[in-house]
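Below you'll find the structure, written out as C-alpha coordinates, and then a few comments.
In listed order, ligands and their atoms are each counted from 1.
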Amino acid sequence: MIISQKYRDAETEIEFAGLDKLRQLDKSNRIFLVDKNVFNLYREYFPENSILFESEEENKNLQSVGEIINSLLEKKIDKSFNLTGVGGGITTDISGFTAAIYKRGIKCEFIPTSLIAMCDAAIGGKNGVNSGGFKNQAGTVRHPAKVLIITEFLQTLPEKEFAGGLAEIVKIFSLNSEENFEFLEKSDFTELKNTGIIETILNNAISAKYKYRQAG
Ligand SMILES: NC(=O)c1ccc[n+]([C@@H]2O[C@H](COP(=O)([O-])OP(=O)(O)OC[C@H]3O[C@@H](n4cnc5c(N)ncnc54)[C@H](O)[C@@H]3O)[C@@H](O)[C@H]2O)c1
(Lines give C-alpha, C1' and ligand atoms only; values in the text may rest on other atoms or scores of the structure.)
Protein backbone atom coordinates (compact mmCIF):
# COMPACT_ATOMS: atom_id res chain seq x y z
CA MET A 1 0.00 0.00 0.00
CA ILE A 2 1.39 3.42 -0.99
CA ILE A 3 -0.11 6.73 0.13
CA SER A 4 1.14 10.14 -0.88
CA GLN A 5 0.78 12.82 1.78
CA LYS A 6 1.19 16.49 0.97
CA TYR A 7 1.93 19.18 3.52
CA ARG A 8 2.15 22.71 2.09
CA ASP A 9 4.70 22.37 -0.75
CA ALA A 10 6.25 19.11 0.42
CA GLU A 11 5.19 15.66 -0.67
CA THR A 12 6.11 12.48 1.15
CA GLU A 13 5.46 9.00 -0.18
CA ILE A 14 4.46 6.67 2.61
CA GLU A 15 4.69 3.00 1.76
CA PHE A 16 3.69 -0.01 3.85
CA ALA A 17 5.72 -3.06 2.88
CA GLY A 18 7.25 -6.29 4.17
CA LEU A 19 10.84 -6.86 5.29
CA ASP A 20 11.73 -8.24 1.85
CA LYS A 21 11.35 -4.71 0.47
CA LEU A 22 14.68 -3.90 2.16
CA ARG A 23 16.45 -6.38 -0.11
CA GLN A 24 14.92 -4.76 -3.19
CA LEU A 25 15.99 -1.18 -2.38
CA ASP A 26 18.65 0.21 -4.70
CA LYS A 27 21.70 0.48 -2.41
CA SER A 28 23.87 2.35 -4.94
CA ASN A 29 22.44 5.78 -4.09
CA ARG A 30 21.56 5.23 -0.44
CA ILE A 31 23.60 5.50 2.73
CA PHE A 32 21.95 3.88 5.74
CA LEU A 33 22.13 5.36 9.23
CA VAL A 34 20.89 2.51 11.41
CA ASP A 35 20.01 2.20 15.11
CA LYS A 36 22.66 -0.19 16.47
CA ASN A 37 20.08 -2.43 18.23
CA VAL A 38 18.08 -2.75 15.02
CA PHE A 39 21.24 -3.43 12.99
CA ASN A 40 22.23 -6.24 15.37
CA LEU A 41 18.81 -7.87 14.97
CA TYR A 42 18.42 -7.42 11.20
CA ARG A 43 22.00 -7.09 9.94
CA GLU A 44 21.47 -9.26 6.84
CA TYR A 45 19.19 -6.56 5.41
CA PHE A 46 21.71 -3.69 5.57
CA PRO A 47 24.81 -2.95 3.52
CA GLU A 48 28.20 -3.26 5.19
CA ASN A 49 28.94 0.43 4.83
CA SER A 50 25.92 1.39 7.00
CA ILE A 51 26.63 3.96 9.71
CA LEU A 52 25.54 2.71 13.14
CA PHE A 53 24.05 4.94 15.80
CA GLU A 54 23.50 4.20 19.49
CA SER A 55 19.99 5.42 20.10
CA GLU A 56 20.13 7.21 23.47
CA GLU A 57 18.72 10.66 24.25
CA GLU A 58 22.20 11.75 25.38
CA ASN A 59 23.55 10.90 21.90
CA LYS A 60 20.84 12.88 20.06
CA ASN A 61 23.04 15.97 19.94
CA LEU A 62 25.20 18.14 17.74
CA GLN A 63 28.36 16.19 18.63
CA SER A 64 26.85 13.00 17.17
CA VAL A 65 25.71 14.98 14.12
CA GLY A 66 29.36 16.07 13.63
CA GLU A 67 30.54 12.47 13.91
CA ILE A 68 27.94 11.27 11.39
CA ILE A 69 28.97 14.07 9.00
CA ASN A 70 32.60 12.93 9.27
CA SER A 71 31.55 9.34 8.47
CA LEU A 72 29.60 10.58 5.45
CA LEU A 73 32.66 12.50 4.25
CA GLU A 74 34.94 9.48 4.75
CA LYS A 75 32.52 7.40 2.69
CA LYS A 76 32.55 10.11 -0.01
CA ILE A 77 28.78 10.58 0.14
CA ASP A 78 27.77 13.34 -2.25
CA LYS A 79 24.53 15.14 -3.00
CA SER A 80 23.29 12.35 -5.26
CA PHE A 81 22.81 10.14 -2.19
CA ASN A 82 19.78 9.60 -0.05
CA LEU A 83 20.36 9.36 3.70
CA THR A 84 18.12 6.54 4.91
CA GLY A 85 17.50 6.68 8.65
CA VAL A 86 16.45 3.33 10.12
CA GLY A 87 15.35 3.05 13.75
CA GLY A 88 13.19 4.63 16.40
CA GLY A 89 12.42 8.33 16.76
CA ILE A 90 15.90 9.19 18.04
CA THR A 91 17.48 7.80 14.87
CA THR A 92 14.92 9.28 12.46
CA ASP A 93 15.31 12.70 14.17
CA ILE A 94 19.10 12.72 13.93
CA SER A 95 19.00 11.36 10.35
CA GLY A 96 16.59 14.06 9.21
CA PHE A 97 18.60 16.81 10.89
CA THR A 98 21.93 15.57 9.48
CA ALA A 99 20.49 15.17 5.97
CA ALA A 100 19.17 18.74 6.13
CA ILE A 101 22.61 20.24 6.78
CA TYR A 102 25.12 17.84 5.16
CA LYS A 103 26.52 19.61 2.08
CA ARG A 104 23.67 22.11 2.59
CA GLY A 105 21.12 19.33 2.29
CA ILE A 106 20.85 15.87 0.79
CA LYS A 107 17.69 13.83 0.26
CA CYS A 108 16.47 11.80 3.17
CA GLU A 109 14.02 9.02 3.85
CA PHE A 110 13.03 7.09 6.94
CA ILE A 111 12.41 3.46 7.78
CA PRO A 112 10.89 3.74 11.27
CA THR A 113 11.21 0.63 13.45
CA SER A 114 9.47 1.69 16.69
CA LEU A 115 5.75 2.38 16.95
CA ILE A 116 6.39 6.00 18.00
CA ALA A 117 8.56 6.54 14.95
CA MET A 118 5.97 4.91 12.64
CA CYS A 119 3.03 7.00 13.86
CA ASP A 120 4.77 10.23 14.80
CA ALA A 121 8.53 10.90 14.72
CA ALA A 122 9.03 9.94 11.06
CA ILE A 123 5.87 11.79 10.03
CA GLY A 124 5.48 15.53 9.56
CA GLY A 125 9.00 16.71 8.81
CA LYS A 126 10.18 17.87 12.26
CA ASN A 127 13.71 16.82 13.17
CA GLY A 128 15.27 17.85 16.48
CA VAL A 129 18.46 17.30 18.45
CA ASN A 130 19.00 17.99 22.15
CA SER A 131 21.26 20.69 23.55
CA GLY A 132 22.22 22.04 26.98
CA GLY A 133 20.31 19.28 28.71
CA PHE A 134 17.05 20.20 26.96
CA LYS A 135 15.21 18.20 24.32
CA ASN A 136 14.94 19.22 20.66
CA GLN A 137 16.56 22.66 21.06
CA ALA A 138 18.00 22.67 17.53
CA GLY A 139 16.19 21.31 14.54
CA THR A 140 14.84 21.58 11.05
CA VAL A 141 11.47 21.22 9.41
CA ARG A 142 12.09 19.26 6.25
CA HIS A 143 9.94 16.46 4.92
CA PRO A 144 11.50 13.12 3.96
CA ALA A 145 10.97 12.04 0.37
CA LYS A 146 9.76 8.68 1.57
CA VAL A 147 8.75 6.83 4.72
CA LEU A 148 8.86 3.05 4.38
CA ILE A 149 6.83 1.38 7.12
CA ILE A 150 7.60 -2.28 7.79
CA THR A 151 5.45 -3.35 10.72
CA GLU A 152 7.32 -6.70 11.02
CA PHE A 153 9.96 -4.68 12.90
CA LEU A 154 7.47 -4.36 15.77
CA GLN A 155 7.89 -8.07 16.55
CA THR A 156 11.24 -7.32 18.22
CA LEU A 157 10.31 -3.96 19.76
CA PRO A 158 10.34 -4.19 23.60
CA GLU A 159 6.77 -4.24 25.04
CA LYS A 160 7.36 -1.02 26.98
CA GLU A 161 8.25 0.80 23.75
CA PHE A 162 5.20 -0.68 21.99
CA ALA A 163 2.94 0.54 24.81
CA GLY A 164 4.48 4.04 24.54
CA GLY A 165 3.65 4.05 20.83
CA LEU A 166 0.06 2.99 21.48
CA ALA A 167 -0.31 5.86 23.96
CA GLU A 168 0.83 8.25 21.21
CA ILE A 169 -1.74 6.79 18.80
CA VAL A 170 -4.50 7.25 21.39
CA LYS A 171 -3.37 10.89 21.73
CA ILE A 172 -3.48 11.46 17.96
CA PHE A 173 -6.97 9.89 17.70
CA SER A 174 -8.26 11.85 20.69
CA LEU A 175 -7.42 15.09 18.88
CA ASN A 176 -9.05 13.98 15.75
CA SER A 177 -11.43 11.12 15.31
CA GLU A 178 -14.08 9.32 17.30
CA GLU A 179 -14.34 6.70 14.57
CA ASN A 180 -10.64 5.80 14.83
CA PHE A 181 -10.89 5.78 18.60
CA GLU A 182 -13.75 3.26 18.41
CA PHE A 183 -11.78 1.05 15.99
CA LEU A 184 -8.89 1.01 18.45
CA GLU A 185 -11.20 0.29 21.38
CA LYS A 186 -12.76 -2.66 19.56
CA SER A 187 -9.40 -4.14 18.52
CA ASP A 188 -8.07 -7.17 20.34
CA PHE A 189 -4.92 -5.85 22.00
CA THR A 190 -3.18 -9.24 21.86
CA GLU A 191 -3.58 -9.17 18.07
CA LEU A 192 -2.42 -5.59 17.59
CA LYS A 193 0.99 -6.47 16.16
CA ASN A 194 -0.76 -8.47 13.44
CA THR A 195 0.24 -6.75 10.21
CA GLY A 196 -3.24 -6.01 8.83
CA ILE A 197 -4.60 -4.43 12.03
CA ILE A 198 -1.56 -2.35 12.92
CA GLU A 199 -1.22 -1.11 9.31
CA THR A 200 -4.84 0.10 9.37
CA ILE A 201 -4.30 1.83 12.73
CA LEU A 202 -1.07 3.45 11.55
CA ASN A 203 -2.61 4.54 8.26
CA ASN A 204 -5.46 6.21 10.18
CA ALA A 205 -3.06 7.82 12.68
CA ILE A 206 -0.81 9.19 9.93
CA SER A 207 -3.77 10.58 7.96
CA ALA A 208 -5.13 12.12 11.18
CA LYS A 209 -1.77 13.74 11.91
CA TYR A 210 -1.57 15.24 8.41
CA LYS A 211 -5.18 16.43 8.57
CA TYR A 212 -4.55 18.10 11.92
CA ARG A 213 -1.42 19.87 10.61
CA GLN A 214 -3.13 21.00 7.39
CA ALA A 215 -5.86 22.56 9.46
CA GLY A 216 -3.38 24.32 11.78
N1 LIG B 1 10.26 14.60 15.05
C2 LIG B 1 9.10 14.42 15.64
O3 LIG B 1 8.07 14.93 15.19
C4 LIG B 1 9.04 13.52 16.85
C5 LIG B 1 7.80 13.09 17.33
C6 LIG B 1 7.78 12.21 18.41
C7 LIG B 1 8.98 11.79 19.00
N8 LIG B 1 10.16 12.26 18.52
C9 LIG B 1 11.43 11.85 19.12
O10 LIG B 1 11.49 10.42 19.08
C11 LIG B 1 12.30 9.97 20.16
C12 LIG B 1 11.60 8.79 20.82
O13 LIG B 1 11.44 7.79 19.84
P14 LIG B 1 11.43 6.25 20.23
O15 LIG B 1 10.51 6.06 21.36
O16 LIG B 1 11.24 5.47 18.99
O17 LIG B 1 12.90 6.05 20.85
P18 LIG B 1 14.21 5.29 20.34
O19 LIG B 1 14.62 5.71 19.01
O20 LIG B 1 15.22 5.40 21.42
O21 LIG B 1 13.73 3.75 20.30
C22 LIG B 1 13.34 3.13 21.51
C23 LIG B 1 14.19 1.87 21.80
O24 LIG B 1 13.71 0.81 20.99
C25 LIG B 1 14.79 0.24 20.25
N26 LIG B 1 14.20 -0.22 18.98
C27 LIG B 1 13.66 0.55 17.99
N28 LIG B 1 13.11 -0.24 17.07
C29 LIG B 1 13.31 -1.53 17.45
C30 LIG B 1 12.97 -2.78 16.91
N31 LIG B 1 12.24 -2.90 15.80
N32 LIG B 1 13.35 -3.90 17.58
C33 LIG B 1 14.04 -3.81 18.75
N34 LIG B 1 14.38 -2.64 19.33
C35 LIG B 1 14.02 -1.51 18.67
C36 LIG B 1 15.82 1.32 20.13
O37 LIG B 1 17.12 0.79 19.92
C38 LIG B 1 15.68 2.01 21.49
O39 LIG B 1 16.42 1.30 22.46
C40 LIG B 1 12.50 11.15 21.10
O41 LIG B 1 13.83 11.63 20.98
C42 LIG B 1 11.52 12.20 20.60
O43 LIG B 1 11.96 13.52 20.78
C44 LIG B 1 10.22 13.10 17.46
*Please confirm whether the backbone N or O of F153 pairs with a side-chain atom of Q155, one donor and one acceptor, at under 3.5 Å?*
no
_Can you confirm if the aromatic rings of F32 and F39 lie within a centre distance of less than 6.0 Å?_
no
*With clusters built from Ile, Leu, Val, Met, Phe, Trp and Tyr whose side-chain heavy atoms come within less than 4.5 Å, directly or transitively, what are the remaining members of the cluster of F134, listed by chain and number?*
none
*How close do K107 and A99 get, heavy atom to heavy atom, and via which atoms?*
O-CB, 4.3 Å
_Within-4.5 Å side-chain heavy-atom neighbours: I123 and Y210_ = yes
*asked:* For K36 versus E54, what's the shortest heavy-atom pair and its separation?
replied: NZ-OE2, 3.4 Å
*Near ligand 1, which residues have a heavy atom under 4.0 Å away from one of its atoms?*
D35, N37, V38, L41, S55, E57, K60, G88, G89, I90, D93, T113, S114, I116, D120, A121, K126, K135, N136, F153, T156, L157, P158, E161
